[in-house]
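Naming convention: chains lettered A, B, ... in sequence-line order (proteins, then strands); numbering from 1 in each chain. All values below were derived from every heavy atom in this structure, side-chain atoms included, with hydrogens, water molecules and symmetry-related copies excluded.
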Number of protein chains: 2
Amino acid sequence: MAAVQEPTFFILTALAEEPLHGYGVMQSVSELSAGRLKLRAGTLYAALDRLTDDGLVVVDREEAVDGRLRRYYRLTDDGAAQLQAEVERLRTNASLAAARLRKAGRLRPAPGGAG
Amino acid sequence: MAAVQEPTFFILTALAEEPLHGYGVMQSVSELSAGRLKLRAGTLYAALDRLTDDGLVVVDREEAVDGRLRRYYRLTDDGAAQLQAEVERLRTNASLAAARLRKAGRLRPAPGGAG
DNA sequence: GTCAACGTACCGGCTATCGGTATATGCCGT
DNA sequence: ACGGCATATACCGATAGCCGGTACGTTGAC
């Protein structure tokens, strides 16, 4: 893995709670990011293929709803562990940068926060 | 900006505290990441050019040390603001994923902790 | 003379994402 | 019936960012 990009990170996050099908992942990512991130179909399915290839997600089951196929993906234990590792990396990096901004006196009080 | 990758994020972080020349950025990034990240020359200078183009860093000054040119780069106010925004994005994303892992009962105690 | 560290800079190739399109079904309004 | 939209999977060309190697030049160690 080593530093997945934001779209992939959100796909893993979406799948962390429960199995979802492709389109469901799209919607979940959009909600999770408060509308900031909108996955393209190409990005989503390519990523799911890659993640499946890497063993981070697996196809959980397939359902036919109104004649449309729904392929559900599930996060593997390995995938959950990787996501956790990503979370820690993100936090470490954020603290690092914040500390350095603070040293230089360039860290402004968070908007709305208690500086 | 919108989700810079890790190498670029570390370059900004390295420059947050004080102006550095290219090679100094390489070393700083290596130290900051505890040896995890080692910037390639191609990655570094291409990124510095891009960031300069985007107005996030500027050439601070140039020095000649032992006949070798040192070009110092400095983070602009805009660059510092962007880095701060990145920090907040990282923290938000990390919390999001952690919460979702927790809900699913997949969040394990930190490695080295009570397992 | 060779090797390593310093220091900037270019080049080819790879991967992930973007933006668009193809395909197919069901629902809604007209 | 027909068009338009949401659902749902899947491919394609283009782009951006990073990797790995290399080029070029100086200084110091062996």
Are A:Thr43 and C:dA16 close enough that a side-chain N or O sits under 4.0 Å from OP1 or OP2? no
Residue-phosphate contact under 4.0 Å: B:Thr8 side-chain N/O, D:dC18 OP1/OP2: yes
Spell out, yes or no, whether B:Leu12 and B:Val59 are grouped together once hydrophobic residues are joined by side-chain heavy atoms under 4.5 Å, including indirect joins. yes
Taken in chain and number order and not counting sequence neighbours, the residues that satisfy side chain to side chain donor-acceptor pair (under 3.5 Å) with A:Arg71 are A:Glu62
Taking only nitrogen or oxygen atoms into account, show me every contact under 3.5 Å that the protein makes with nucleotides 6-9 of chain C, one pair per line with its distance.
| unit_1 | atom_1 | unit_2 | atom_2 | d |
| --- | --- | --- | --- | --- |
| C:dC6 | OP2 | B:Tyr23 | OH | 2.7 |
| C:dG7 | OP1 | B:Arg70 | NE | 2.6 |
| C:dG7 | OP1 | B:Arg70 | NH2 | 2.5 |
| C:dG7 | OP2 | B:His21 | NE2 | 3.4 |
| C:dG7 | O3' | B:Leu69 | O | 3.1 |
| C:dT8 | OP1 | B:Arg71 | N | 3.0 |
| C:dT8 | OP2 | B:Gly22 | N | 3.3 |
| C:dT8 | OP2 | B:Tyr23 | N | 2.7 |
| C:dT8 | OP2 | B:Tyr45 | OH | 2.7 |
| C:dT8 | O5' | B:Tyr45 | OH | 3.2 |
| C:dA9 | OP1 | B:Arg71 | NH1 | 2.6 |
| C:dA9 | OP2 | B:Arg71 | NH1 | 3.0 |

Atom pair distance, as rounded to whole Å: [atom1] in [X] and [atom2] in [N]:
X: A:Leu12; N: C:dT17; atom1: CG; atom2: C1'; result: 15 Å
X: A:Leu37; N: C:dA16; atom1: CG; atom2: C1'; result: 13 Å
X: A:Arg40; N: C:dT15; atom1: CZ; atom2: P; result: 23 Å
X: A:Gln5; N: D:dT15; atom1: CD; atom2: P; result: 18 Å
X: B:Glu6; N: D:dC19; atom1: CD; atom2: C1'; result: 15 Å
X: A:Leu48; N: C:dA16; atom1: CG; atom2: P; result: 13 Å
X: B:Phe9; N: D:dC18; atom1: CZ; atom2: P; result: 13 Å
X: A:Glu62; N: D:dA8; atom1: CD; atom2: C1'; result: 12 Å

Could you pull out every donor-acceptor pair under 3.5 Å between side chains of residues 93-103 of chain B and any protein atom, sequence neighbours left out?
| unit_1 | atom_1 | unit_2 | atom_2 | d |
| --- | --- | --- | --- | --- |
| B:Asn93 | ND2 | A:Glu6 | OE2 | 3.0 |
| B:Ser95 | OG | B:Arg91 | O | 3.0 |
| B:Arg100 | NE | A:Thr13 | O | 2.8 |
| B:Arg100 | NE | A:Ala14 | O | 3.4 |
| B:Arg100 | NH1 | A:Glu17 | OE1 | 3.0 |
| B:Arg100 | NH2 | A:Ala14 | O | 3.1 |

Report the residues that fulfil side-chain contact (heavy atoms from CB on, under 4.5 Å) with A:Arg74, sequence neighbours left out, ordered by chain and then residue number. A:Pro19, A:Val58, A:Asp60
Inter- and intrachain pairs under salt bridge (charged side-chain N to carboxylate O under 4.0 Å, His left out), touching residues 38-55 of chain B, at least two apart: none
For B:Tyr72, ring pair (Phe, Tyr, Trp, His ring centres under 6.0 Å) partners two or more places apart: B:His21
